[in-house]
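All remarks here apply to the structure that follows.
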Amino acid sequence: MNDSKRILVVEDEQAIKLGLEENLKFAGYEVLTASDGPDALQQGMQAKPDLILLDIMLPGMSGYDVCRKLRDSGAQMPIIMLTARQDEFDKLHGFEMGADDYVTKPFSVKELLARVHAVLQRGRAREDAAGEFVFGECKLDMASRILTRGGREIILTRTEFELLAYFCRNAGKALSREVVMNDVWGTEYYGTQRSLDSFVSNLRAKIEQDAHNPRHILTVHGVGYKFAL
Ligand code: CA
């Protein structure tokens with residue numbers, strides 16, 4: 001059941017916050033709430049929620065900054081951004097700051113709950129993974145979910161880890177963008193191929209010696225990607 005999962009809802013619009021809190025509690029989750037950026041950051045670090053629903057326009061500090069500061073501090077929990085605007089810039093910027101997913105307001109509660117459930121399940125399904133992959137000067141430890149490069153830990157967002165783990169397991173195969181998105185996120189994923197490309201460019205910056213001339217995450221023109229160990 002969901003009763004051990006704790007969700008931090010960060011939203012300064014009272015009506016939306018109360019609605020989310022009520023619906024999440026009804027679905028069996030434990031709910032914490034914050035109404036401004038600094039409080040969100042503090043609770044995110046100290047209460048260690050299993051998932052954060054994070055509004056972008058907040059008093060005190062934007063959701064982008066909260067997200068980035070949490071990731072900088074090593075926090076790995078999934079973060080779903082609640083965005084009021086539909087333009088691509090928001091999504092890409094959110095992913096760059098370390099968000100895993102986003103929902104555009106106004107959203108249906110049913111859709112949001114499905115997304116929350118899917119994100120939490122993804123984490124659970126992969127907890128059994130073991131072993132490690134070594135490529136270049138990088139080592140990806142599947143059990144601890146830690147990436148090191150030249151012996152130093154590189155912080156990955158949850159989605160970056162899942163994508164990199166998927167590439168490692170499927171090394172040597174040409175993978176279409178559609179197949180990658182379907183296998184990593186499942187059919188419930190609403191992102192675009194551009195958001196996949198954005199994750200790939202973030203990963204390249206973290207694992208490649210020269211991100212513009214990659215040796216591991218290779219572009220297969222007209223298809224998608226191929227990972228070389
Ligand atoms: Ca707001």
Side-chain angles (χ1 to χ4, degrees), residues 2 5-123 155-160 162 185 188-192 194-199 202:
N2 298 322
K5 294 290 178 188
R6 189 190 296 175
I7 299 177
L8 173 61
V9 174
V10 184
E11 172 62 74
D12 60 320
E13 284 170 63
Q14 285 297 106
I16 297 179
K17 187 173 74 176
L18 287 173
L20 283 172
E21 184 177 8
E22 205 165 278
N23 280 289
L24 288 166
K25 280 183 174 167
F26 187 72
Y29 298 104
E30 188 184 332
V31 182
L32 306 169
T33 61
S35 307
D36 62 55
D39 188 22
L41 186 58
Q42 191 183 17
Q43 290 201 56
M45 285 179 177
Q46 290 175 1
K48 301 205 186 328
D50 297 294
L51 182 147
I52 302 180
L53 294 177
L54 182 59
D55 184 29
I56 291 175
M57 300 302 287
L58 291 166
M61 190 191 300
S62 78
Y64 292 132
D65 287 340
V66 171
C67 188
R68 184 174 48 79
K69 284 173 193 277
L70 282 170
R71 294 307 187 213
D72 286 349
S73 79
Q76 305 270 335
M77 79 284 281
I79 297 177
I80 300 178
M81 302 292 264
L82 305 176
T83 168
R85 289 170 289 169
Q86 295 209 355
D87 55 281
E88 189 72 10
F89 171 76
D90 268 352
K91 297 170 200 167
L92 293 178
H93 192 53
F95 288 140
E96 280 164 14
M97 296 298 112
D100 294 277
D101 206 346
Y102 63 92
V103 172
T104 305
K105 291 191 267 191
F107 47 79
S108 83
V109 168
K110 198 176 159 201
E111 181 200 323
L112 184 80
L113 287 174
R115 203 80 68 90
V116 164
H117 184 70
V119 166
L120 289 171
Q121 283 298 119
R122 272 197 325 247
I155 302 294
L156 294 178
T157 68
R158 185 185 191 86
T159 303
E160 286 168 356
E162 284 174 1
W185 286 286
E188 81 279 0
Y189 186 63
Y190 295 86
T192 63
R194 260 189 86 190
S195 20
L196 173 63
D197 293 342
S198 165
F199 281 119
N202 287 354

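Whatever order the structure lists ligands and atoms in, that order sets their numbers, starting from 1. Given the structure is predicted, the values throughout are model-derived calculations rather than measurements.
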Does any non-hydrogen side-chain atom of Y29 lie less than 4.5 Å from one of V9?
no
Protein-derived N, O or S atoms lying under 3.0 Å from the Ca ion (ligand 1), waters excluded:
3
Can any side-chain N or O of R6 pair as donor or acceptor with the backbone N or O of A47 at less than 3.5 Å?
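Side chain of R6 to backbone of A47, a donor-acceptor pair under 3.5 Å: yes, one is there.
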Show every salt bridge (charged side-chain N to carboxylate O under 4.0 Å, His left out) that has at least one partner inside [range], sequence neighbours left out.
range: residues 15-27; value: E21-K25
range: residues 44-58; value: D55-K105
range: residues 60-74; value: D65-R68, R68-D72, R71-D100

On a heavy-atom basis, which atom in C67 and which in A99 lie closest, and how many Å separate them?
SG-N, 3.5 Å
